[in-house]
Number of protein chains: 2
Amino acid sequence: MTDTGGPPAGGENLLFLTDEQLRKGIEAMFFAYRGFTADPDRILSGMDYGRAHHRALHFINRMPGTTVNNLLNILGVTKQSLNRVLRRLIADGLVVSRVGRRDKRERHLYLSEKGEALERELSKAQRARMRKAYRAAGPEAVAGFRQVLEAMMDDEIRHQYLSLREGRS
Amino acid sequence: MTDTGGPPAGGENLLFLTDEQLRKGIEAMFFAYRGFTADPDRILSGMDYGRAHHRALHFINRMPGTTVNNLLNILGVTKQSLNRVLRRLIADGLVVSRVGRRDKRERHLYLSEKGEALERELSKAQRARMRKAYRAAGPEAVAGFRQVLEAMMDDEIRHQYLSLREGRS
DNA sequence: CTTGGAAAGTCAACATAGCTGACTTAAAAT
DNA sequence: ATTTTAAGTCAGCTATGTTGACTTTCCAAG
């Protein structure tokens, strides 16, 4: 079923596929994600917002004018769950929702000045940690990091990720 | 800090530190983590367990006989939160808690046969995804992946991660 | 044109899993 | 003997996920 500690199968360059190596990768992913979210979480905890608000701000900033439905697909939560978050962000004046011109069922989302300010603060902290990690590991490690992460995504999600990279909404 | 044997450290090869590149890394991390947890989540959702139970099973399996306090430090949650999870796992016969021999205040945690079976199922699914990603990206990418993740952890967490790698509890 | 279905969004109610604070019990350390 | 530590419990709060039921709007088939 799974090879637990046997000799490396089929040559020495498959060593990185032993269960032991895979487990290390799994734990690295777990602990690194904690660090990844730590700084924004700290900032948000003081103002009664959470990670969900951060994610919404991030992607609205990334794709101004996006519809609720589009945001839903990217975040991978139910519309009811997202709606609760958006309602607060709109009530607090961080996000602006405009009825669609062509299709009045749609709501197009934008950040207000205030929303942009908070998004900047959050992403600045998160970028600082990422920059430190990138700098410590070097360009080639970064390339490998991105390759493995991309390969780890679900296919559909990877397509969304790649579309985002190209600046399409 | 500096990469060994890469191109000379001029101005241009710091391109991977632009805000744009960092943002791509941030989004890759976000989407990849979704994939990372997707398979265990699917398995667990059918049996009224959640991610918290998975994490507890993983680390008890990893460090049999660990104390509650040690597990607390590794998981980074409050004892009340962990206790809710452990109580269920013990009641359901997945985890065994034994009073310490030397220090009777401590409880040492072990997986039962049933607990080991579930842990195997969960980690098998998660390893399969990791294996696929590793295989697609190749050994050098994997090395870079791990370097960046380690650099992304909080210092204290990184020490715990490295201790785990060496098999200490 | 009307009507019926589909799509987008909203409201209500519930579950999970974090959190803090206050407390008990037992054992170890001082 | 007193204090500290490890573990556990109870109560209550928050954030964020879920389903189900609903309204408004759009579009297309009859």
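To find a chain, count down the sequence lines: A is the first, B the second, and so on, and within it residues start at 1.
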Exercise for the section: Return no unless some side-chain N or O of A/Arg87 is found under 4.0 Å from OP1 or OP2 of C/dC11. Expected result: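 Yes, because at least one side-chain N or O of A/Arg87 sits under 4.0 Å from OP1 or OP2 of C/dC11.
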Practice task
Answer yes or no: does a side-chain N or O of A/Asn83 lie under 4.0 Å from OP1 or OP2 of C/dT10?
Solution key: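 Yes, because at least one side-chain N or O of A/Asn83 sits under 4.0 Å from OP1 or OP2 of C/dT10.
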Problem - Mutual orientation of the aromatic rings belonging to B/Phe145 and A/Phe145 [parallel < 30°, tilted 30-60°, perpendicular > 60°] - result: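 B/Phe145 and A/Phe145: parallel rings.
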Exercise for the section: Kindly write out the residues that satisfy side chain to side chain donor-acceptor pair (under 3.5 Å) with A/Asp39, not counting sequence neighbours, or none if the list is empty. Expected result: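 With sequence neighbours excluded, A/Asp39 shows a side chain to side chain donor-acceptor pair (under 3.5 Å) to A/Arg42, A/Arg129, given in chain and number order.
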Practice task
Go through the side-chain N and O atoms of A/Glu27 and B/His58 and say whether any donor and acceptor fall under 3.5 Å apart.
Solution key: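 Present: a donor and an acceptor within the cut-off.
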What's touching nucleotides 28-30 of chain C from the protein side, N or O pairs under 3.5 Å?
unit_1: C/dA28; atom_1: OP1; unit_2: B/Arg102; atom_2: O; d: 2.9
unit_1: C/dA28; atom_1: OP1; unit_2: B/Lys104; atom_2: N; d: 3.4

Exercise for the section: Look at atom CD of B/Glu140 and say whether more than 12 heavy atoms of other residues, nucleotides or ligands are closer to it than 6.0 Å. Expected result: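 At most 12 heavy atoms, drawn from other residues, nucleotides or ligands, come within 6.0 Å of this atom.
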Exercise for the section: Flag the pair A/Asp154 and B/Arg34 as a salt bridge only when some basic side-chain nitrogen lies within less than 4.0 angstrom of an acidic carboxylate oxygen. Expected result: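 No, A/Asp154 and B/Arg34 are not salt-bridged.
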Problem - Span of DNA chain D, from the first to the last nucleotide whose atoms fall under 4.0 Å of chain B heavy atoms - result: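 For DNA chain D, the relevant span reads D/dT5 to D/dC10.
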Fill in the blank from the handout: Expected string for nucleotides 18-25 of chain C under the B/S/- scheme (protein heavy atoms, under 4.0 Å, primed atoms plus P, OP1, OP2 as sugar-phosphate) is BBBBB---
Problem - Side-chain (A/Arg127) to main-chain (B/Arg23) donor-acceptor, under 3.5 angstrom - result: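 The answer is no, because no donor-acceptor pair under 3.5 Å joins these two groups.
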Handout entry: Main-chain N/O of B/Arg105 paired to B/Asp103 side chain as donor or acceptor, under 3.5 Å
Key =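 Between the backbone of B/Arg105 and the side chain of B/Asp103 there is a qualifying donor-acceptor contact (under 3.5 Å).
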Problem - Touch class at under 4.0 angstrom, heavy-atom based, for A/His108 against every strand present - result: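 Nothing, no heavy atom under 4.0 Å.
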Practice task
Would you kindly give the CG-to-P distance between A/Leu86 and C/dA8, to the nearest whole Å?
Solution key: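 The distance from CG of A/Leu86 to P of C/dA8 comes to 15 Å, rounded to the nearest Å.
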Practice task
Measure the distance from CG on B/Asp48 to P on C/dC14 and round it to the nearest whole Å.
Solution key: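 It works out to 17 Å between those atoms.
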Problem - For B/Tyr33, all residues meeting ring pair (Phe, Tyr, Trp, His ring centres under 6.0 Å), sequence neighbours excluded - result: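 Ring pair (Phe, Tyr, Trp, His ring centres under 6.0 Å) list for B/Tyr33, sorted by chain: A/Tyr33, B/Phe36.
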Give every donor-acceptor pair under 3.5 Å between a side-chain atom in residues 92-99 of chain B and any protein atom, sequence neighbours left out.
unit_1: B/Asp92; atom_1: OD2; unit_2: B/Tyr49; atom_2: OH; d: 2.4
unit_1: B/Asp92; atom_1: OD2; unit_2: B/Arg88; atom_2: NH2; d: 3.2

